[in-house]
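Each remark here refers to the structure printed beneath this line.
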Amino acid sequence: MSVLLYVEHSEGKFKKSTFELVSYASEIAVRNQTTLTAISIGNVENEELFTLGKYGVDKILNVNSSNLRNFNNQAFASVIAEVVNKLGSDLIILSSTFSGRGLAPRIAAKLRAGLADNVVSLPNQADGKFIIKNMAFSGKAIANVEIKSTIKVISLSANSYKVVENNKPIEIEDFISKVKDADFSSIINEIVRSTDKVSLPDAEIVVSGGRGLKGSENWVMLEELADLLGAALACSKPVSDAGWRPHNEHVGQTGISVSPNLYIAVGISGAIQHLAGISSSKVIVVINRDPDAPFFKVADYGIVGDAFEVIPKLINAVKEYKASA
Amino acid sequence: MKILVCISNVPDTTTKVTFTDNNSQFNINGVQFILNPYDEIALAKAIELTDNGNGTVTVINIGEANAEPTIRKALAIGAHDAVRINGNPKDAWFVACQLAHYIKENEFDLILTGRESIDYNGSKIASMLGELLSIPSISIVKKLTIDSGIAHLEREIEGGIESLSVPLPIVLGASEGVAEPKIPNMRGIMAARTKPLTVVESIEVESYTEIINFETPTPRGQVKLINADDTNQLIGLLHNEAKVI
Ligand SMILES: Cc1cc2nc3c(=O)[nH]c(=O)nc-3n(C[C@H](O)[C@H](O)[C@H](O)COP(=O)(O)OP(=O)(O)OC[C@H]3O[C@@H](n4cnc5c(N)ncnc54)[C@H](O)[C@@H]3O)c2cc1C
Ligand SMILES: Nc1ncnc2c1ncn2[C@@H]1O[C@H](COP(=O)(O)O)[C@@H](O)[C@H]1O
């Protein structure tokens with residue numbers, strides 16, 4: 001088996017999801033007694049590329065031509081397919097990020113490869129088969145999927161594999177792709193990043209508020225709690241519909257799915273459509289004044305109480321904890 | 001402008017998910033099927049774009065006869081005609097190949113899908129289809145306008161929004177914000193009965209993946225309730241027991 005890893009960056013920097021991905025792919029490479037080659041596309045400094053050696057990458061192909069600076073799934077799929085054909089790779093691994101999920105199906109279709117996405121386990125390769133677990137039905141089930149094609153594409157769900165260090169000497173090689181500008185036609189006009197704060201899809205801790213918070217002005221306390229915990233903010237759908245919070249913070253069936261280590265839900269009832277986006281969180285804390293709120297049924301820890309009293313106390317408790325740590 | 005909206009027939013959002021045949025099949029017993037919520041958004045946008053009378057909206061579904069109520073609903077909402085490619089939509093590759101085959105024979109300027117189907121949540125169709133047709137595909141589109149053959153749109157990226165301009169034809173995966181879903185009115189429902197619904201047979205496609213079985217995630221234990229005055233205890237548990245802070 002020959003593994004190729006696509007390492008995604010954001011403005012030239014790798015994020016935690018990429019380190020998880022590298023750690024995961026490195027384990028697969030070790031199990032299959034093979035080396036791990038990664039491909040990076042866009043403008044990433046060598047210094048940053050070298051950091052991936054810490055998690056087990058042997059070699060990086062660096063594609064940094066000016067026409068490939070911005071993400072474009074059509075062009076990137078062509079570049080990756082070109083590398084796959086050159087190296088004879090038969091397993092291509094990506095992150096299940098927004099961009100990764102737009103890219104993986106194009107690579108799979110181009111290479112006539114089977115695709116498993118939202119993957120949450122290492123492959124089971126017993127008896128020469130390749131079986132892997134992926135999330136389905138909005139987190140209500142896990143499917144065991146067999147990939148039967150020679151070339152396989154998988155995309156790894158965020159927070160489903162721990163970052164593991166596996167220091168290796170790393171080699172960087174520039175790769176000039178044959179992909180022509182004519183192969184892709186979209187023009188990026190502008191990229192607006194919401195804030196410099198922790199981005200929701202890859203946050204390890206999420207503090208989320210619902211209609212129980214009564215109005216946008218009351219997010220000040222959630223913001224303070226989130227800042228103290230290094231958490232990202234999220235909300236329920238009615239909250240973003242009412243314009244209290246931006247739509248990109250809305251989680252659930254019709255918003256984004258998150259799988260943080262810790263999800264703190266404040267004043268959210270726990271409707272099934274909300275749970276669909278958060279049920280693969282590792283630990284769930286619910287704060288709600290109604291002891292019968294459905295959210296308590298899927299929570300690990302709960303406080304029955306008024307958010308306006310509990311949150312300030314919780315903020316103090318976090319401050320004390322941090323002061324003593 | 002000719003617009004194609006790909007629609008999928010999915011279990012209602014409140015469905016309790018269970019399986020049969022040694023956990024290999026989704027149990028459809030008693031399950032209410034609906035038009036995928038994101039496809040409703042895509043359809044509403046398509047109708048909006050052709051409101052002034054220039055253009056048509058065709059909806060297409062790869063599915064068996066039991067998907068027809070959902071197809072009729074799309075016609076009631078305002079699609080002009082519908083196509084059903086008869087076959088079991090067993091995986092994204094199968095569906096994408098059927099769609100590509102149909103689109104190659106019947107050209108469209110704009111192909112809309114939902115951002116993802118709420119059952120298998122693959123988010124795969126739009127990109128596979130774009131690749132099979134060698135045209136751009138953009139998923140998670142939050143805003144869309146079309147002007148002189150160019151789509152101006154916004155897509156969601158990690159921690160931000162990217163605005164793009166892309167010439168048609170193009171495949172887009174519609175998400176919240178693109179349009180407000182439309183509810184069918186009585187006239188629409190009446191009209192839907194006589195709108196054309198063509199059924200064509202599916203083509204053979206080699207399958208590369210197979211679902212062996214499903215597991216349901218291990219249920220969480222009983223919730224541990226903490227007194228509202230003991231927030232310190234909660235922090236202690238999160239640190240020592242859950243080890244998440
Ligand atoms: C097709 C479809 C898709 C949907 N998609 C989504 C989705 O993606 N995401 C989503 O979130 N919803 C979604 N919904 C809506 C969902 O069904 C619920 O209506 C919504 O999640 C409820 O939001 P909420 O919990 O904030 O508000 P509510 O249900 O109004 O709950 C407010 C909660 O706050 C508590 N509360 C009130 N005051 C206080 C206080 N002072 N202190 C503490 N607690 C307090 C109350 O006890 C209550 O439990 C969808 C619905 C449909 C039909
Ligand atoms: N059986 C189907 N027939 C037609 N379109 C489909 C079908 N399944 C999925 N789609 C379209 O593809 C989108 C994404 O689905 P998926 O890739 O399964 O998440 C859906 O929102 C639909 O627009």
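Residue numbering restarts at 1 for every chain, and letters A, B, ... go by the order of the sequence lines.
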Between A:Ile107 and chain B, with a heavy-atom cut-off of 4.5 Å, which part of the residue counts as in contact: side chain, backbone, both or neither? neither

For A:Tyr301, the side-chain contact (heavy atoms from CB on, under 4.5 Å) test, sequence neighbours excluded, returns A:Val283, A:Val285, B:Lys224, B:Ile226, B:Leu234, B:Leu237, B:Leu238, B:Glu241, B:Ala242

Over-ring placement of A:Lys152 relative to A:Phe130, 6.0 Å and 45° cut-offs: yes

Close aromatic pair by centroid cut-off 6.0 Å: A:Phe76 and A:Phe71: yes

For A:Lys319, is it the side chain, the backbone, both, or neither that has a heavy atom closer than 4.5 Å to a heavy atom of chain B? neither

Among B:Ser163, B:Ser139, B:Ser137, B:Gly160, the residue with the most heavy-atom pairs under 4.5 Å to chain A is B:Ser163

Donor-acceptor check, side chain of B:Glu158 to backbone of A:Phe98, threshold 3.5 angstrom: yes or no? yes

Heavy-atom distances under 4.5 Å only: say whether A:Leu200 touches chain B with side chain, backbone, both or neither. neither

Could you tell me if A:Lys140 sits above the aromatic ring of A:Phe137, with its cationic atom closer than 6.0 Å to the ring centre and no more than 45 degrees from the axis? no

Would B:Glu154 and B:Lys142 pass as an ion pair if we require N to O under 4.0 Å? no

State whether B:Glu215 and A:Lys133 are salt-bridged, where the test is any N-O pair (Lys NZ or Arg NE/NH1/NH2 against Asp/Glu carboxylate O) under 4.0 Å. yes

SB check B:Glu116 A:Arg101 (cutoff 4.0 Å): yes

With distance as the sole test, does B:Thr15 use its side chain to make a donor-acceptor pair with the main-chain N or O of B:Asp12 at under 3.5 Å? yes

Under a 4.5 Å heavy-atom cut-off, does chain B meet the side chain of A:Ile287, its backbone, both or neither? neither

Under 4.5 Å from a heavy atom of chain B, the part of A:Glu320 involved: side chain

Proximal component of A:Ile303, with respect to chain B [non-hydrogen, under 4.5 Å]: both

Portion of A:Lys15 that has a non-hydrogen atom of chain B nearer than 4.5 angstrom: side chain

Enumerate by number any residue of residues 203-213 of chain B whose heavy atoms lie under 4.5 Å from heavy atoms of chain A; in the absence of such residues, state 'none'. B:Ser207, B:Tyr208, B:Thr209, B:Glu210, B:Ile211, B:Ile212, B:Asn213

I need the full list of side chain to side chain donor-acceptor pair (under 3.5 Å) pairs touching residues 277-287 of chain A, with sequence neighbours left out, sorted by first then second residue. A:Asn261-A:Lys282

Donor-acceptor contact present, side-chain B:Asn22 to main-chain B:Ser24, <3.5 Å: no

If I measure from the heavy atoms of chain B, does A:Asn189 come under 4.5 Å with its side chain, its backbone, both, or neither? both

What part of A:Thr97 is in contact with chain B, defined as an atom under 4.5 angstrom from a non-hydrogen atom: side chain, backbone, both or neither? both

A:Leu229 versus chain B, the contacting section by heavy-atom distance below 4.5 Å: side chain

Determine whether B:Ile103 and B:Leu132 make a side-chain contact, defined as any pair of heavy atoms from C-beta on separated by less than 4.5 Å. no

A side-chain contact here means heavy atoms from C-beta on lying under 4.5 Å apart; do A:Lys16 and A:Asn159 qualify? yes

Taking 4.0 angstrom as the limit, do B:Lys2 and B:Asp109 come out as a salt bridge? no

Step by step, would you call A:Ser95 with A:Glu8 a side chain to side chain donor-acceptor pair (under 3.5 Å)? CA-CA 8 Å; A:Ser95 297; A:Glu8 186 177 324; 5.2 Å; no

Which region of A:Asn118, side chain (C-beta onward) or backbone (N, CA, C, O), has a non-hydrogen atom less than 4.5 Å from a non-hydrogen atom of chain B, or is it both or neither? side chain

Give, as side chain, backbone, both or neither, the part of A:Ala271 having an atom under 4.5 angstrom from any heavy atom of chain B. neither

Residues of residues 305-312 of chain A near chain B, each having a heavy atom less than 4.5 Å away: A:Val310

Pick from B:Lys16, B:Gln222, B:Arg115: which one has the most heavy-atom pairs with chain A under 4.5 Å? B:Arg115

Among B:Val166, B:Thr13, B:Thr216, which residue has the highest count of heavy-atom pairs closer than 4.5 Å to chain A? B:Thr13

Less than 4.5 Å to any heavy atom of chain B: does that hold for the side chain of A:Glu146, its backbone, both, or neither? both

